[in-house]
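Worksheet for the structure shown next.
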Amino acid sequence: MTRMEKFEMLEGAKSMGAGAATIASAGAAVGIGNVFSSLIHSVARNPSLAKQLFGYAILGFALTEAIALFALMMVFLILFVF
């Protein structure tokens, strides 16, 4: 195997790894949808707790979005560091 072939194989593997790491973004989108869907259902059932539930929903949103940011960080590490 020549040096160029090895380099091309490495670049292909990096691209596949980065593509696989972006799957977490879809999972985060589904998670955020579930958080706010649950918020709407909960407020519809008990409107007097809307303010407290909204705080919990924002916390859930932030934690779920952190997963997407970690996945994005891994993509950049795979593409530009390794």
Side-chain angles (χ1 to χ4, degrees):
M1 223 184 221
T2 67
R3 184 174 181 167
M4 190 63 173
E5 288 174 339
K6 288 181 183 180
F7 177 75
E8 289 174 353
M9 283 183 61
L10 179 63
E11 287 299 313
K14 285 169 54 173
S15 296
M16 289 190 302
T22 57
I23 293 173
S25 299
V30 170
I32 291 170
N34 284 338
V35 166
F36 286 108
S37 170
S38 296
L39 172 68
I40 291 170
H41 286 288
S42 299
V43 170
R45 293 183 76 170
N46 194 349
S48 64
L49 290 176
K51 189 170 185 169
Q52 182 181 7
L53 291 173
F54 184 73
Y56 291 145
I58 293 300
L59 178 64
F61 166 76
L63 293 174
T64 307
E65 188 66 25
I67 299 297
L69 293 175
F70 290 142
L72 183 64
M73 180 184 68
M74 292 308 297
V75 168
F76 286 139
L77 282 173
I78 290 170
L79 288 178
F80 299 116
V81 175
F82 297 112

Does some side-chain heavy atom of Phe54 sit less than 4.5 Å from a side-chain heavy atom of Lys51?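 In short, these two side chains do not touch, never coming nearer than 4.5 Å.
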Measuring from [X]:[atom1] to [Y]:[atom2], what's the distance to the nearest 0.5 Å?
| X | Y | atom1 | atom2 | result |
| --- | --- | --- | --- | --- |
| Ser25 | Ile67 | OG | CD1 | 11.0 Å |
| His41 | Asn46 | NE2 | CG | 15.0 Å |
| Ile32 | Leu63 | CD1 | CG | 10.5 Å |
| Thr64 | Asn34 | OG1 | CG | 9.0 Å |
| Leu10 | Phe7 | CG | CZ | 7.0 Å |

Can you see which heavy atom on [X] is nearest to which on [Y], and at what distance?
| X | Y | answer |
| --- | --- | --- |
| Ala18 | Val75 | O-CG2, 3.6 Å |
| Leu39 | Ala57 | CD2-CB, 3.8 Å |
| Ala21 | Ala71 | O-CB, 3.7 Å |

Is there a path of hydrophobic side-chain contacts, each under 4.5 Å between heavy atoms, that joins [X] and [Y]?
| X | Y | value |
| --- | --- | --- |
| Met74 | Phe70 | yes |
| Ile58 | Leu53 | yes |
| Phe36 | Val43 | yes |

Start with the C-alpha distance between Lys14 and Glu11, add both sets of side-chain angles, then the distance that settles side chain to side chain contact (heavy atoms under 4.5 Å, CB included), and finish with yes or no. CA-CA 5 Å; Lys14 285 169 54 173; Glu11 287 299 313; 3.5 Å; yes
Can you confirm whether more than 12 heavy atoms, excluding those of Met9, are under 6.0 Å from its CE atom?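 Counting neighbours around CE of Met9, 12 or fewer heavy atoms of other residues, nucleotides or ligands fall under 6.0 Å, so no.
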In terms of heavy-atom contacts, does OH of Tyr56 have more than 12 from other residues, nucleotides or ligands at under 6.0 Å?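 No, the 6.0 Å shell around OH holds no more than 12 heavy atoms from other groups.
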State whether the side chain of Glu5 and the backbone N or O of Thr2 hold a donor-acceptor pair below 3.5 Å, judged by distance alone.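 Judged by distance alone, yes, a pair lies under 3.5 Å.
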